[in-house]
Number of protein chains: 2
Amino acid sequence: MTSDTSTTHRSSRTGETWTIAQVAEAFDVTHRTVRHYEDLGLISPERRGTQRVYHRRDRTRLGLILRGKRLGFPLEEIRTIIDLFDAPRGRRTQLEYVLDQIDERRTDLEQRLRDVQDAIAELGEFERRCRDDLGRLDHV
Amino acid sequence: MTSDTSTTHRSSRTGETWTIAQVAEAFDVTHRTVRHYEDLGLISPERRGTQRVYHRRDRTRLGLILRGKRLGFPLEEIRTIIDLFDAPRGRRTQLEYVLDQIDERRTDLEQRLRDVQDAIAELGEFERRCRDDLGRLDHV
DNA sequence: ATAGTGCTTTACGTTTACGTCAACGTCAAG
DNA sequence: CTTGACGTTGACGTAAACGTAAAGCACTAT
């Protein structure tokens, strides 16, 4: 019940693995969320017996997943995207397919870029009008 | 059953109103979607008898809604944002509240801006690697 | 008068993205 | 050896964002 400095090790020896509780806290999501992403095939942590063991690779993926979510992509689409990064690009057909996918993604992202920029600009314009109104109130 | 050039008028006289079918098609959504937004209070078209009549104001709002959606905002949040634009900002307290909200929104949008830019950058880097791989295949 | 076209409400169904138990395993500490 | 602390697998619940009939009104054309 007192101060316990030995809470979050367990991977002190390996130095590169984490438990589900640790990654969940690190990314500020619940363990349920992490398991859900695994159910959908977005991450596949190592199993040591029955326990899940997360490596840096899994953390990288989790970061990509959460960023994708912030951008409003559905999880299924996020899966196809990050799978793309790990896809075997040995044969020419595969590489050309991957490059095609990249182009599609980029088109989508550039639309979102415009959306965000427009929204920020409109917000700025709106703020200016509000500050004008405020100025008039001060002036009187 | 033959060619019918008189399909989409009905507002020819007023020149500034549309039916639900027309706005739905214009924004490439279903009428169900449009009505759903109305149920949530995101738009409130005029009623002429029982029929909905959409004005430019409603189209503007629809545009904002759909852009908000592309950026991954939930509809409820979108409602509070676009309501903000139409809010009565007469009193100082109101104006200060609005300016606060604007700041919150901007912080959020700037995070998304970074997310999109990072994603595009990573995509570019990934494409470069793929093109390298492709070049090596050509070279052999 | 009737049929067709478009709009309306009501209401249940579906998908996505998890939340929330329940019930059980496991490992170290007391 | 029992008690936690943490982990595991189901399995059902839920909120958001619509989809999808079903059934009826209104106007127009034949």
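The basis for the numbers below is simple: all heavy atoms, side chains too, and nothing from hydrogens, waters or symmetry mates. By convention in this document, chain letters (A, B, ...) are assigned in the order of the sequence lines, proteins followed by strands, and residues within each chain are numbered from 1. Source: prediction; values computed, not measured.
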When rounded to the nearest 0.5 angstrom, what distance separates CD in A/Glu127 from CD in A/Glu122?
14.0 Å

Presence of [X] side-chain N/O under 4.0 Å of [N] phosphate oxygens OP1/OP2:
X: A/Thr33; N: C/dG19; value: yes
X: B/Tyr37; N: D/dC18; value: yes
X: B/Thr30; N: D/dC18; value: no
X: A/Lys69; N: C/dC18; value: yes
X: A/Thr50; N: C/dT26; value: no
X: B/Arg47; N: C/dT9; value: yes

Which part of the nucleic acid does B/Arg52 contact within heavy-atom distance under 4.0 Å: base, sugar-phosphate only, or nothing?
sugar-phosphate

Rounded to the nearest Å, what distance is computed from the [atom1] atom of residue [X] to the [atom2] atom of nucleotide [N]?
X: A/His36; N: D/dT9; atom1: NE2; atom2: P; answer: 15 Å
X: B/Asp39; N: D/dA15; atom1: CG; atom2: P; answer: 17 Å
X: A/Gln51; N: D/dA5; atom1: CD; atom2: P; answer: 17 Å
X: A/Phe27; N: C/dC18; atom1: CZ; atom2: P; answer: 15 Å
X: A/Leu40; N: C/dT16; atom1: CG; atom2: P; answer: 9 Å
X: A/Ile78; N: C/dT16; atom1: CD1; atom2: P; answer: 13 Å
X: A/Phe73; N: C/dA17; atom1: CZ; atom2: P; answer: 13 Å
X: A/Glu77; N: C/dT16; atom1: CD; atom2: P; answer: 12 Å

B/Asp133: which of A/Arg91, A/Arg92, A/Arg89 passes salt bridge (Lys or Arg N to Asp or Glu O under 4.0 Å)
A/Arg89

Which one of A/Asp58, A/Ile78, A/Leu42 satisfies the side-chain contact (heavy atoms from CB on, under 4.5 Å) criterion with A/Tyr37?
A/Leu42

Could you tell me whether A/Tyr97 atom OH has more than 12 heavy atoms of other residues or ligands within 6.0 Å of it?
no

Among the candidates C/dA17, C/dT8, D/dT9, find the nucleotide nearest to the side-chain atoms of A/Arg35.
D/dT9

Has B/Arg112 got its NZ or CZ under 6.0 Å from the middle of the six-membered ring of B/Phe73, at an angle within 45 degrees of the ring axis?
yes

Between the base of C/dT20 and the side chain of A/Arg32, is there a donor-acceptor distance below 3.5 Å?
yes

